[in-house]
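A short worksheet on the structure shown next.
Sequence positions, counted from 1, serve as the residue numbers for this chain. Both ligands and their constituent atoms are indexed starting at 1 by order of listing.
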Amino acid sequence: MTSINSNSNSSSPLEQRQPRRLLVTGGAGFIGANFVQHWAETHPDDRIVVLDALTYAGNRSNLQSLENHANLRFVQGDICDRAAVETLLQAEEIDIIAHFAAESHVDRSILGPGAFIQTNVVGTFTLLESARHLWQNRSDVRFLHVSTDEVYGSLGPDDPAFTETTPYAPNSPYSASKAGSDHLVRAYYHTYGLPTLITNCSNNYGPYHFPEKLIPLMCINILLGKPLPVYGDGQNVRDWLYVRDHCRALDRVIHAGSPGQTYNVGGNNEVKNIDLVHIICELMDELAPSLPVRPAKDLITFVKDRPGHDRRYAIDASKIETALGWTPSVTLEEGLRQTIVWYLKHSNWWQPLLSEAYQDYYQKVYAHS
Ligand code: NAD
Ligand code: TYD
């Protein structure tokens, strides 16, 4: 068994060797696709291989803008399939794994936790085993595990923000499965010396966000003149991060982060849900040429709360700021404006996602409101 100290180079940042060869799991999902676009723009000579099972949340068209990018390959496959993962890692000589693939929606984890354990825990384990087997003590490789602030649980109104040493206290099947995967990643560094990096970030928003999540759901329902379902009293707080800022942070972590370390990534944008919904309504009133109901805020409807609904998340991002020089660049107002304009221009992207299966899901979550 390799101890972390026997692999002395693994504590130093990645050398600037180019070009790199990345495997991006979940690269057809929301953050993964934004990350692939970021990487292709900023490191055009690097090889990018996307491995994605194309679940309901995965969408090939999220990568359409890169159709002619010579160094991008898309592979449809499951991260739980060890043979397929190892074949790909070997054939493509992958030296960076950026692991985004997950079941990611809390409400779905309440309806059916099994898929979350399978992909988030077993899938991460499978990737770790494959990397351990093929990378054998190499220090010029990286395994980036993209995780969430939800593993830290819920804050009271006056609690300090989550730091990297805040104890884990997950409250939903989603956050519990992500916590389990974080612990496995940590263990593979400490036990086997695998050069891992973990990031725990706050709520992302931006283009290609699947319609089930708060911000796109509100934008789309306003355009359709449907009620805007706000859970409970609407006083829950989230810390919103523009997705492209998150991608820049992940780039910094891959290139300059120290293996074995965790970095929290947040937007410094704590907002109560009800206040956020009001801001979205006002921006939609201003930006949408025509709306079925105006002002849009007339659609706001308080509905039955989500079971186990965490009250507040807030990220202390001072470690990544100090250690790696990353700060968010987009204000919430700017980011929301850009996001809303994107949804207004891309109804051809989101309309097909409101499928029969999506309507069934919507019924199940909101029927008893
Ligand atoms: P998403 O649900 O939009 O995308 C997930 C992607 O993973 C999809 O393309 C899906 O097809 C793919 N996938 C699912 N199961 C798979 C499997 N078994 N094998 C291969 N591919 C599979 O998720 P997202 O919002 O882009 O989140 C990406 C990562 O970031 C997740 O790990 C999530 O936990 C984490 N995260 C997300 C947020 C957020 O606000 N969205 C915040 C913090 C952390
Ligand atoms: P969501 O986008 O599901 O992200 P997460 O649960 O991972 O934070 O939800 C963000 C917040 O918005 C959360 O407090 C739940 C709330 N919410 C609603 O009030 N109504 C909704 O229809 C949805 C989807 C979320």
Side-chain angles (χ1 to χ4, degrees), residues 24-36 50-60 62-63 75-81 84-85 98-110 115-116 118-120 122-124 126-127 145-151 154 171-172 174-175 177-178 181-182 199-206 208-218 221 227-241 243 246 250 264-267 271-274 276-277 300-306 308-313 315 362 365-366 369:
V24 182
T25 73
F30 163 49
I31 306 176
N34 276 283
F35 176 81
V36 170
V50 171
L51 175 63
D52 197 298
L54 295 181
T55 66
Y56 79 94
N59 191 340
R60 283 272 348 229
N62 292 359
L63 297 170
V75 177
Q76 183 169 359
D78 191 330
I79 56 165
C80 300
D81 181 345
V85 169
H99 175 35
F100 295 86
E103 289 294 334
S104 69
H105 191 40
V106 173
D107 292 319
R108 287 190 193 254
S109 82
I110 296 167
F116 289 71
Q118 183 62 19
T119 287
N120 300 0
V122 178
T124 302
T126 306
L127 283 175
H145 176 62
V146 180
S147 191
T148 168
D149 59 359
E150 305 195 22
V151 297
S154 185
N171 291 317
S172 72
Y174 164 64
S175 53
S177 67
K178 290 298 288 187
S181 64
D182 291 10
T199 52
N200 295 91
C201 73
S202 58
N203 287 62
N204 283 221
Y205 69 100
Y208 304 103
H209 208 178
F210 193 81
E212 68 196 355
K213 302 279 170 67
L214 179 73
I215 290 178
L217 187 138
M218 293 297 158
N221 281 15
L228 309 180
V230 176
Y231 294 159
D233 61 5
Q235 299 296 307
N236 304 66
V237 173
R238 296 293 182 266
D239 176 359
W240 293 95
L241 172 65
V243 63
H246 182 203
L250 298 177
N264 280 356
V265 188
V271 191
K272 289 178 182 156
N273 289 342
I274 187 63
L276 181 71
V277 173
I300 292 174
T301 313
F302 288 93
V303 301
K304 196 173 145 213
D305 209 353
R306 169 191 280 174
H309 193 178
D310 286 336
R311 197 64 172 165
R312 174 177 165 239
Y313 302 142
I315 282 273
Y362 200 94
V365 174
Y366 299 98
S369 297

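Close approach to Thr119 involves these atoms of ligand 1, each under 4.0 Å from a residue heavy atom: 15 (N), 16 (C), 17 (C), 18 (N). Those atoms of ligand 2 with a heavy atom of Val230 less than 4.0 angstrom away are 19 (O). Near Pro229, meaning under 4.0 Å from one of its heavy atoms, ligand 2 places the atoms 18 (C), 19 (O), 20 (N), 21 (C), 22 (O). Counting atoms of ligand 2 from 1 in the listed order, those under 4.0 Å from a heavy atom of Lys213 are 2 (O).
Judged by the shortest distance from any of its heavy atoms, Gly77 lies inside the 4.0 Å radius around the atoms of ligand 1. Residue Asp52 places a heavy atom less than 4.0 Å from ligand 1. The closest approach between a heavy atom of Tyr174 and any atom of ligand 1 is below 4.0 Å. Distances shorter than 4.0 angstrom occur between a heavy atom of Phe100 and an atom of ligand 1.
In terms of protein heavy atoms, atom 4 (O) of ligand 2 is closest to Asn203 ND2, 3.2 Å. Counting only heavy atoms of the protein, atom 16 (C) of ligand 2 lies nearest to Asn273 ND2, 3.4 Å. Among protein heavy atoms, the minimum distance from atom 22 (O) of ligand 2 is reached at Tyr366 OH, 2.6 Å. In terms of protein heavy-atom proximity, atom 2 (O) of ligand 2 is closest to Leu214 N, 2.9 Å. Ser104 OG, 3.5 Å is the protein heavy atom nearest to atom 1 (P) of ligand 1. When only non-hydrogen protein atoms are considered, atom 7 (O) of ligand 2 lies nearest to Glu150 OE2, 2.5 Å. Among all protein heavy atoms, the one lying closest to atom 27 (O) of ligand 1 is Ile31 CD1, 3.8 Å. Atom 25 (C) of ligand 2 has as its closest protein heavy atom Tyr231 CE1, 3.6 Å. Regarding atom 13 (C) of ligand 2, its nearest protein heavy-atom neighbour is His309 NE2, 3.4 Å. Considering only non-hydrogen protein atoms, atom 3 (O) of ligand 2 sits nearest to Arg306 NH2, 3.0 Å.
Checking only distances, Asp78 does come within under 3.5 Å of ligand 1, N or O to N or O.
At a heavy-atom distance under 4.0 Å, no atom of Gln118 approaches ligand 1. If you look at Asn120 next to ligand 1, there are no close heavy atoms at all, none under 4.0 Å.
Cation-pi contact between Arg238 and Tyr205: absent, since separation from the ring centre below 6.0 Å together with deviation from the ring axis within 45° is not met.
In this structure, Phe35 and Phe100 have tilted ring planes: the angle between them lies in the 30° to 60° band.
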